[in-house]
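Here the structure is a predicted model, which is why all the values come from computation and not from measurement.
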Amino acid sequence: MLLGTLLVLFLLGGAAPASAHAALRATDPADGTVVKTAPRALTLTFTESVGLLDGSFRVYDPDGHRLRTGPPGHADGRADTARVTLPGTLGRGTYTVAWRVVSADSHPVSGAFTFSVGAPSPAVAPPATAQAEDPATSALFDLARYTAYGGAALLMGTAVFLAVCRPPGTAEPVLRRVARTGWWLLLAATAALLLLRAPYETGEGPSAALDPGGLARTLTTRPGQALAARLVLLGAVAVLPRRQRAVRTAAPVLAVALALTWASAEHASAGPQVPVAMASAVLHLLAMAVWLGGLVCLLTLLHPARSLPAAVPARFSRLALACVTVLAVTGVYQSWRGLGSWPALTGTAYGRILLAKLAAVALLLTVAALSRRWTARLAAPADAVPEEHPEPELTTAGSRVRREGDASGAVRVRREGDAPGGALPAEPATHRGPTSPGAAPARGRRPAAATALRGSVVAETLIGVLVLVITTVLTTTLPGRAEAEAAATTAPAPAGALPGASVTRVPFAVAGARGTVQVTLTPGRTGDNAVEAVVYGPDGGFATVPELRISFTLPDRQLGPLDARVTDRGGYWAADAVTLPLPGTWTMKVTVRVSEVDQVSVTRAVRVAP
């Protein structure tokens with residue numbers, strides 16, 4: 001299970017370099033423009049509401065010195081904007097703005113842009129990008145997030161299994177140990193998430209988690225309040241009476257409340273149809289937890305040393321069928337809400353991870369169907385299924401033994417001549433129903449079917465963990481709808497844009513991958529120029545590539561190639577200063593690498609003014 005989890009994290013963890021879900025829609029002043037008079041404030045507009053940090057804006061003058069700005073706030077009371085006031089007087093030249101905010105679904109997003117007052121600077125100091133992500137903080141935060149989902153599945157799934165499936169009293173202590181494991185995992189993960197929340201948002205190291213001020217600020221935000229509420233609910237679970245009736249009554253209520261702490265701070269809390277989305281998210285999480293947690297319970301009770309009444313797996317079989325139905329309905333709705341269009345299914349990171357999840361779910365249902373076949377054989381009447389061993393006797397080590405069924409449906413084995421009380425340990429029970437699960441007691445005369453069924457339950461549990469891991473990765477990926485919306489609403493440069501700025505679109509196609517690289521050369525004149533390149537997919541949405549190279553050559557003067565040395569800035573590629581010393585028609589070569597071995601180079605003519 002651990003190796004499978006690490007493999008999925010390795011394969012999918014880098015699929016979406018931007019983990020935030022609020023995409024920048026526009027800036028005022030616009031990126032790369034020249035304004036006649038200095039603006040009094042900077043305004044950023046996003047695709048959804050955002051939260052502000054104390055250091056949400058850092059503004060640098062042409063010499064690279066940081067300016068004193070006012071406190072960040074929202075423009076005109078709109079939660080999808082961020083605004084900061086500037087000093088009263090700004091000199092001529094190019095200014096760099098680094099920004100960082102927190103999207104409504106709790107993920108930080110950052111970036112940088114430039115604007116000029118009067119005229120661009122001959123040489124611009126290297127712009128400082130927004131606070132970089134601390135890898136240790138990000139790794140610890142992601143680990144805590146995965147642990148929280150796993151603990152929730154164990155805790156909620158076991159609680160509902162105890163309340164609905166009503167296993168015998170002898171099984172209750174075993175399942176309570178499973179529930180306690182889930183409770184401790186969820187408690188530790190929630191506490192870690194609460195402490196790491198502040199450094200995760202600001203991009204600082206893990207040591208910043210010990211800052212009381214950061215924790216106090218976290219508790220004023222919606223994600224922090226959701227985590228605090230989760231801790232309170234876990235405390236309520238700890239003091240829950242152990243009486244069976246109390247468990248049956250309180251467990252579903254507490255499970256719904258715990259699920260709300262996720263829905264209120266992630267994807268469902270932002271975007272269209274928030275109330276419906278939150279209800280769908282709660283049901284989706286509960287269904288997955290009940291199914292996966294129930295599988296763990298069932299696998300625990302299928303231990304060869306225990307017997308299990310047929311009524312227990314039969315109840316879980318019906319419960320599992322309901323979970324599958326809920327997962328299908330809510331999954332379709334959430335996919336539609338996150339994607340927004342069919343092209344986003346293959347043209348965005350969110351869509352590709354969603355396809356991986358759908359493939360894993362399909363595999364899970366296939367294994368469940370296979371398990372149903374085995375359970376049907378075990379649940380069939382004795383005279384309807386061919387026996388694999390003679391009945392009623394078997395020979396083991398020279399002794400003849402007889403299998404006896406009790407009223408509960410469990411099977412026990414007794415040696416001939418033994419008193420009724422001298423029965424050997426009960427033979428393993430199995431389960432019935434879509435093993436998405438359900439079970440029936442194993443009959444001693446069907447050991448092969450029982451063994452196959454137990455193996456299928458193990459496979460279902462492992463695949464269920466895989467689905468849970470992919471789901472967690474999906475919650476940290478920019479939805480396709482937001483990505484497409486940001487691309488569609490990116491406005492062209494306004495009338496105040498720098499004269500002569502060059503924008504070139506370079507289509508490419510290699511190894512089945514197609515797209516367009518939009519290269520902006522500012523100011524498009526001799527001297528230092530800033531280069532920005534954005535890669536778009538075939539559907540027009542943002543795309544990511546592992547490597548992008550840009551160079552310039554002036555053929556008639558035999559000058560070049562001059563490597564632009566563009567670097568990945570988190571969603572786009574840029575170089576701050578590329579010196580083009582002579583005017584004329586330069587040849588720009590764009591090389592796009594889409595895999596370890598596949599790349600393509602495309603050239604375009606670019607006019608550089610004197």
**Prompt:** Would you say T190's side chain and L231's backbone share a donor-acceptor pair under 3.5 angstrom?
**Reply:** no

**T261 versus R230, side-chain donor and acceptor atoms under 3.5 Å** = yes

**From CD1 (I353) to CD1 (I470), nearest 0.5 Å** = 9.0 Å

**Asked** Does the side chain of Y333 come within less than 4.5 Å of V276's, by heavy atoms?
**Response** yes

**Request:** Evaluate the ring planes of W262 and Y149, with Trp represented by its six-membered ring, and classify them as parallel (under 30°), tilted (30 to 60°) or perpendicular (over 60°).
**Result:** tilted

**Request:** Determine whether P167 and L162 make a side-chain contact, defined as any pair of heavy atoms from C-beta on separated by less than 4.5 Å.
**Result:** yes

**Message:** Nearest 0.5 Å, please: how far is CZ in F161 from SG in C297?
**Reply:** 5.5 Å

**Item:** Check: H284 and V326 side chains under 4.5 Å, non-hydrogen atoms
**Value:** no

**Request:** Find out whether V282 and T330 are in side-chain contact, i.e. whether some heavy atom of one side chain is under 4.5 Å from a heavy atom of the other.
**Result:** no

**Request:** Report the C-alpha separation of L365 and V324 in whole Å, then their side-chain angles, then the decisive distance to 0.1 Å, and conclude whether the side chain to side chain contact (heavy atoms under 4.5 Å, CB included) test is met.
**Result:** CA-CA 9 Å; L365 293 176; V324 172; 4.1 Å; yes

**Prompt:** Checking T158 side chain against L155 main chain: does a donor-acceptor pair fall under 3.5 Å?
**Reply:** no

**Message:** Testing the basics here: between A360 and I463, what is the closest heavy-atom pair and its distance to 0.1 Å?
**Reply:** O-CG2, 3.6 Å

**Request:** Can you tell me which residue pairs pass the salt bridge (charged side-chain N to carboxylate O under 4.0 Å, His left out) test with a partner in residues 354-367, sequence neighbours excluded?
**Result:** none

**Item:** Euclidean distance, T137 OG1 relative to R197 CZ, rounded to 0.5 Å
**Value:** 12.0 Å

**Message:** So L53 and V101, do their side chains get closer than 4.5 Å, heavy atoms only?
**Reply:** no

**Request:** Validate the cation-pi geometry between R176 and W183: distance from NZ or CZ to the six-membered ring centre under 6.0 Å, angle to the ring axis within 45°.
**Result:** no

**Request:** Taking T147 for its side chain and L143 for its backbone only, find out whether a donor-acceptor pair lies under 3.5 Å.
**Result:** yes

**Fill in**
In short, A144 meets A192 closest at the heavy-atom pair CB-CB, 4.1 Å

**Asked** Rounded to the nearest 0.5 Å, how far does CG of L193 lie from CZ of F141?
**Response** 5.0 Å

**Message:** Restricting to side chain to side chain donor-acceptor pair (under 3.5 Å), what partner residues turn up for T325, sequence neighbours left out?
**Reply:** none

**Request:** Please tell me if the side chains of V290 and M156 come closer than 4.5 Å, counting only heavy atoms from C-beta onward.
**Result:** no

**Item:** Separation between OG1 of T170 and CD of E172, rounded to the nearest 0.5 Å
**Value:** 9.5 Å

**Request:** Using a 4.5 Å cut-off on heavy atoms from C-beta on, say whether the side chain of L154 contacts that of L292.
**Result:** no

**Asked** Are V160 and L319 close enough that some pair of their side-chain heavy atoms sits under 4.5 Å apart?
**Response** yes

**Request:** Any chance you could measure S138, atom OG, to R145, atom CZ, to the nearest 0.5 Å?
**Result:** 9.5 Å

